[in-house]
Amino acid sequence: MAEMYIRVAEEENEEPMEIPSEDDGTVLLSTVAAQFPGACGLRYRSPISQCMRGVRLVEGVLHPPENGWGNLVYVVNYPKDNKRKMDEIDASSAKIKRGDQKTSDLIVLGLPWKTTEQDLKDYFGAFGEVIMAQVKRDVKTGNSKGFGFVRFADWETQNKVINQRHMIDGRWCDCKLPNSKQGPDEPMRSRKVFVGRCTEDMTTDDLRQFFMQYGEVTDVFIPKPFRAFAFVTFADDQVASSLCGEDLIIKGVSVHISNAEPKHSNIAISGFCLGRRPSVAALCG
DNA sequence: GTTGAGCGTT
């Protein structure tokens, strides 16, 4: 029998793709899977019974119905109830993988003066997805200070980058975990966190909206005039402490979360509170 | 207009 093609589609009413048959009139499951990754069989709607029918499958070989394949459209079967395509499966497992290890900003030391954020993105983009890049500059002159920061989407990428030297615009550069991330900071029991490296365009609403995702936000305080930091208070102290040490990206900039140092005035008050026995929570929040 | 170990406007 001459080679012919059968019509196969992902769903009954989708545009079919023509799949080649073998010389003996059968179709190999592997041929189907080559076009529909993850496929485990075929079915079709019987013109007689109007029911879906399964195509006979023996050891990887699909056998035609009694009257031949005909001009019917065959629908791909996927394992179990799992009708996702392979690329979707890959994407979802990648998403799970992404969540297992958080990345942190890396300091990039030794940058040429001329290197820009775009240069950093271009260079490090070859290693993996770059989600933040900065070149630190003198505020007055705008000149580069010769170092910057970069953050990757994936932990694997971050590790790869840390473990080698980098030739960027003609100079050898090093990527390290910044000091702010090294050494275990002892977390204190506080509902309030310090948010460092804020930019001036971050409003209290922005911060509230952003931090809501971690838990109920009870207060946002931004000192004025602008001082590049803020305080965010949560209803739950565990939420607060879980964020300490993190670098989070708000409006495209990396902010650093750490313990809110208790206000000096509050230390005095808290001593006073404890001596006087009123509710500590009421007065020393 | 300069420089070359460092640490991000607390």
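In what follows, every chain begins at residue 1, and chains take the letters A, B, ... in the order their sequences are listed. These numbers were taken from a predicted model, which means no experiment stands behind them. Atom set for the values below is all heavy atoms of this structure, side chains included, hydrogens, waters and symmetry mates excluded.
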Would you mind reading off the distance between [X] atom [atom1] and [N] atom [atom2], rounded to a whole angstrom?
| X | N | atom1 | atom2 | result |
| --- | --- | --- | --- | --- |
| A/Arg197 | B/dT9 | CZ | C1' | 11 Å |
| A/Arg137 | B/dC7 | CZ | P | 19 Å |
| A/Gln134 | B/dC7 | CD | P | 16 Å |
| A/Glu246 | B/dG8 | CD | C1' | 17 Å |
| A/Lys176 | B/dC7 | NZ | C1' | 10 Å |
| A/Asp247 | B/dT10 | CG | P | 14 Å |
| A/Asp174 | B/dA5 | CG | C1' | 11 Å |
| A/Arg151 | B/dC7 | CZ | C1' | 16 Å |

- Mind checking who shares a hydrophobic cluster with A/Val73, ILVMFWY linked at side-chain heavy-atom distances under 4.5 Å? none
- Could A/Asp247 and A/Arg197 be called an ion pair, given the rule that one side-chain N must be under 4.0 Å from one carboxylate O? yes
- Query: Any Lys/Arg nitrogen of A/Asp174 or A/Arg165 sitting under 4.0 Å from an Asp/Glu carboxylate oxygen of the other?
  - Reply: yes
- Message: Heavy atoms within less than 4.0 Å of DNA chain B: which residues of residues 121-128 of chain A have one? Give them sorted by number.
- Response: none
- Enumerate the residues from residues 106-118 of chain A whose closest heavy atom to DNA chain B is under 4.0 Å, giving them by residue number; use none for an empty result. A/Ile107, A/Leu109, A/Gly110, A/Leu111, A/Pro112, A/Trp113
For residues 205-213 of chain A, dump all side-chain donor-acceptor pairs below 3.5 Å to protein atoms at least two apart in sequence or in another chain.
{"from": "A/Asp206", "atom 1": "OD2", "to": "A/Thr203", "atom 2": "N", "distance (Å)": "3.0"}
{"from": "A/Asp206", "atom 1": "OD2", "to": "A/Thr203", "atom 2": "OG1", "distance (Å)": "3.1"}
{"from": "A/Asp206", "atom 1": "OD2", "to": "A/Lys251", "atom 2": "NZ", "distance (Å)": "2.7"}
{"from": "A/Arg208", "atom 1": "NH1", "to": "A/Val217", "atom 2": "O", "distance (Å)": "3.1"}
{"from": "A/Gln213", "atom 1": "NE2", "to": "A/Phe210", "atom 2": "O", "distance (Å)": "3.0"}

- Task: Check whether the side chain of A/Asp105 and the base of B/dG8 form a donor-acceptor pair under 3.5 Å.
- Result: yes
- Query: Touch check for A/Gly196, heavy atoms < 4.0 angstrom, all strands: base, sugar-phosphate only, or nothing?
  - Reply: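 Since no nucleic acid heavy atom lies under 4.0 Å of A/Gly196, the category is nothing.
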Solution key, residues 58-67 of chain A side-chain donor-acceptor pairs under 3.5 Å, sequence neighbours excluded:
none

- Message: Whether A/Lys136 contacts B/dT9 is assessed here as follows: a side-chain N or O lying under 4.0 Å from the phosphate OP1 or OP2. Is that the case?
- Response: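 A/Lys136 to B/dT9 OP1/OP2: side-chain N or O found under 4.0 Å.
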Between [options], which one does the side chain of [X] approach most closely?
| X | options | answer |
| --- | --- | --- |
| A/Lys145 | B/dG6, B/dC7, B/dT10 | B/dG6 |
| A/Ser180 | B/dG8, B/dT10, B/dG6 | B/dG8 |
| A/Arg171 | B/dG4, B/dG8, B/dG6 | B/dG4 |

- Query: For A/Phe147 and B/dG6, do the ring centres fall under 5.5 Å apart while the planes stay under 30° apart?
  - Reply: no
- Hey, could you give me each pair passing ring pair (Phe, Tyr, Trp, His ring centres under 6.0 Å) that has a residue in residues 106-138 of chain A? Not counting sequence neighbours.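 Of all non-adjacent pairs touching residues 106-138 of chain A, those that pass ring pair (Phe, Tyr, Trp, His ring centres under 6.0 Å) are A/Tyr123-A/Phe127, A/Tyr123-A/His166, A/Phe124-A/Phe152, A/Phe124-A/His166, A/Phe127-A/His166.
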- Message: Assuming nearest nucleotide by heavy-atom distance, tell me which of A/Gly146 and A/Cys198 is located more 5' along DNA chain B.
- Response: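 It is A/Gly146 whose nearest nucleotide is closer to the 5' end.
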- Message: Which residues pass the side-chain contact (heavy atoms from CB on, under 4.5 Å) test with A/Asp138, not counting sequence neighbours?
- Response: A/Lys140, A/Thr141
- Can you name the side-chain contact (heavy atoms from CB on, under 4.5 Å) partners of A/Asn77, sequence neighbours left out?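 Listed in chain order: A/Cys40, A/Arg43.
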- Which of A/Thr116, A/Thr115, A/Asp122 passes side-chain hydrogen bond (donor to acceptor under 3.5 Å, both in side chains) with A/Gln118? Answer is A/Asp122
- For A/Lys136, which residues count as a side-chain hydrogen bond (donor to acceptor under 3.5 Å, both in side chains) partner, sequence neighbours excluded?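 A/Lys136 satisfies side-chain hydrogen bond (donor to acceptor under 3.5 Å, both in side chains) with A/Gln134 only.
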